[in-house]
There are 2 protein chains.
Amino acid sequence: MRKTKGFEDGKENPEKKEASSTPRDVFSEGTAMIPKNSYELRIIQSLRRIIRAIEIHSRKLAQKHQITGPQLGCLLALLEEGPLLGTHLAKKVYLSPSTVVGIIDRLEEKGLVARERSPSDRRQVQVSISEAGRQIAANAPSPLQDRLSEALKNLPELEQVSITLALEKVVDLMEAGRIDASPVLETGPIGL
Amino acid sequence: MRKTKGFEDGKENPEKKEASSTPRDVFSEGTAMIPKNSYELRIIQSLRRIIRAIEIHSRKLAQKHQITGPQLGCLLALLEEGPLLGTHLAKKVYLSPSTVVGIIDRLEEKGLVARERSPSDRRQVQVSISEAGRQIAANAPSPLQDRLSEALKNLPELEQVSITLALEKVVDLMEAGRIDASPVLETGPIGL
DNA sequence: TTAGAAACATTCGTGTACGAATGTTTCTAA
DNA sequence: TTAGAAACATTCGTACACGAATGTTTCTAA
């Protein structure tokens with residue numbers, strides 16, 4: 001797709017009711033004058049901004065340390081858990097197994113991890129971190145922005161707790177339905 | 001890549017020190033016994049789980065309503081803002097312009113939006129929602145899980161506030177450095 | 001023992017997501 | 001006026017990310 005670049009001055013859309021054509025400074029509310037369901041909207045926007053910040057941070061990591069956020073996440077999991085099956089690694093980092101395959105592919109190409117088919121059960125593949133991987137994992141910064149990581153530490157504990165609990169509350173609410181990826185599930189009905 | 005599926009019982013990696021080969025129930029801590037920087041780790045994990053939940057919800061939307069989360073987000077923005085330039089839409093939904101191009105492509109294919117090159121300034125392309133798009137946008141559920149959306153409304157306001165502020169605090173900390181995508185930036189130094 | 005279920009890893013198809021590069025068009029200053 | 005900057009949309013290349021489908025291998029019950 002995207003090959004139809006030949007669209008010129010189209011005139012076949014009579015949509016144009018509200019918001020009179022003039023784009024007038026579209027941005028005038030930001031985090032302030034929220035219209036309807038205030039909190040929900042603010043939460044949605046915050047989540048989107050957080051996701052974006054994480055993504056952007058990942059690209060910076062890739063430039064400076066030759067490793068992306070998800071890759072680093074997997075590497076750290078392997079570092080502290082020892083060799084893992086693909087499935088287990090996936091659960092550990094809250095990704096689907098199919099996603100992890102690709103990440104491991106790239107880590108393997110870079111020689112940071114190794115795959116080894118289990119002799120006892122040949123369905124399984126053990127993924128283990130290499131010495132090079134250990135180096136990288138040990139020296140790379142937090143998978144979270146250094147800034148956040150740093151700022152977090154300097155926040156009064158009360159606020160750290162508040163943020164942590166708020167996020168976990170959101171997780172609970174979101175995963176309430178299903179999401180099998182959660183290890184064991186021992187968080188209880190909702191707690192807080 | 002991923003063509004080298006011919007790896008059998010590799011034996012060329014002498015890594016295997018800690019975590020004696022036995023995978024022993026890898027998951028035994030969950031949200032409880034966190035080792036080091038407790039809060040940071042819990043925050044990272046929560047964020048990852050939230051992102052995953054959003055992604056999964058998006059796929060459900062796609063199945064039931066023929067529209068994904070990001071697509072719905074753009075549609076809603078157009079619904080309440082009227083026609084927008086690609087750039088402006090991108091800022092509105094906190095995505096990069098290049099990402100928005102693809103989303104608009106797919107919405108356009110489905111006839112939910114239309115592109116129109118501005119006659120006055122031919123660099124610009126106005127994106128406007130179609131009648132069909134208006135229908136979908138009006139009937140589709142929240143881009144957030146219904147469950148969360150619902151649960152949120154039933155939470156004591158104090159908690160809604162607490163969650164909202166916590167998320168916005170995280171946003172502040174994360175975006176502290178740069179991230180131009182934020183419209184106008186009127187949030188102040190950090191507030192809270 | 002043997003057919004089918006179950007557990008695994010992987011592939012496939014699709015849709016984000018981003019920055020860098022590209023191509024137009026418009027603006028701006030010499 | 002005209003060369004270069006700036007504003008736009010878009011393409012390109014790469015990496016996630018997921019579910020469904022596939023292929024092996026192992027388990028399990030008839």
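Model, not experiment: these values are computed from the prediction. Proteins get letters first, then strands, A, B, ... in listed order; numbering begins at 1 in each. Values below: all heavy atoms of this structure, side chains included; hydrogens, waters and symmetry mates excluded.
- Between Ile104(A) atom CD1 and dA15(D) atom C1' there is a gap of 14 Å when expressed in whole angstrom units.
- Between the CG atom of Asp105(B) and the C1' atom of dT14(C) there is a distance of 14 Å, given to the nearest Å.
- Both Arg123(A) and Pro97(A) sit near DNA chain D, but only Pro97(A) has its closest nucleotide nearer the 5' end.
- Residue contacts shown for Thr99(B) include a base, since a base heavy atom lies under 4.0 Å away.
- Atom CD1 of Ile56(A) and atom P of dA17(C) are 12 Å apart (whole Å).
- Annotation: the span from Arg42(A) atom CZ to Arg49(A) atom CZ amounts to 11.0 Å, rounded to 0.5 Å.
- With hydrogens and angles ignored, a donor-acceptor pair closer than 3.5 Å exists between the side chain of Ser98(B) and the base of dG19(C).
- The distance from atom CD1 of Ile51(A) to atom P of dC18(D) is 12 Å, rounded to the nearest whole Å.
- As rounded to whole Å, 10 Å separates atom P of dT26(C) from atom CZ of Arg117(B).
- Listed candidates were dA17(D), dG15(C), dT26(D). Nearest to the side chain of Thr68(B) is dG15(C).
- Following rounding to the nearest Å, Gln126(B) (CD) and dT25(C) (P) show an atom-to-atom distance of 17 Å.
- Look at CD on Glu109(B): it is 11 Å from P on dT14(C), rounded to the nearest Å.
- Salt bridge Asp105(B)/Arg115(B): present, at least one basic N to carboxylate O contact under 4.0 Å.
- The pair Arg134(B)-Glu131(B) counts as a salt bridge, with a side-chain nitrogen and a carboxylate oxygen less than 4.0 angstrom apart.
- Residues Glu116(A) and Ser128(A) bring no donor and acceptor atom of their side chains to less than 3.5 Å of each other.
- dT25(C) is paired with dA6(D) under the Watson-Crick or G-U wobble criterion, all donor-acceptor distances under 3.5 Å.
- Residue-to-nucleotide contacts include no donor-acceptor pair under 3.5 Å from the side chain of Arg106(A) to the base of dA15(D).
- If Gln63(A) and Pro70(B) are placed on DNA chain C by their nearest nucleotide, the residue sitting closer to the 5' end is Pro70(B).
- Put simply, the residue from Ile44(A), Leu41(A), Leu173(A) that forms a side chain to side chain contact (heavy atoms under 4.5 Å, CB included) with Leu144(B) is Ile44(A).
- Pairing partner, dC16(D): dG15(C), with both Watson-Crick or wobble hydrogen-bond distances short of 3.5 Å.
- When rounded to the nearest whole Å, the span between CG of Leu85(B) and C1' of dT10(D) equals 14 Å.
- The partner of dA30(D) is dT1(C), judged by Watson-Crick or G-U wobble contacts that both fall below 3.5 Å.
- Between the base of dA17(C) and the side chain of Arg59(A) there is a donor-acceptor pair shorter than 3.5 Å.
- If Glu55(A) and Gly86(B) are placed on DNA chain D by their nearest nucleotide, the residue sitting closer to the 5' end is Gly86(B).
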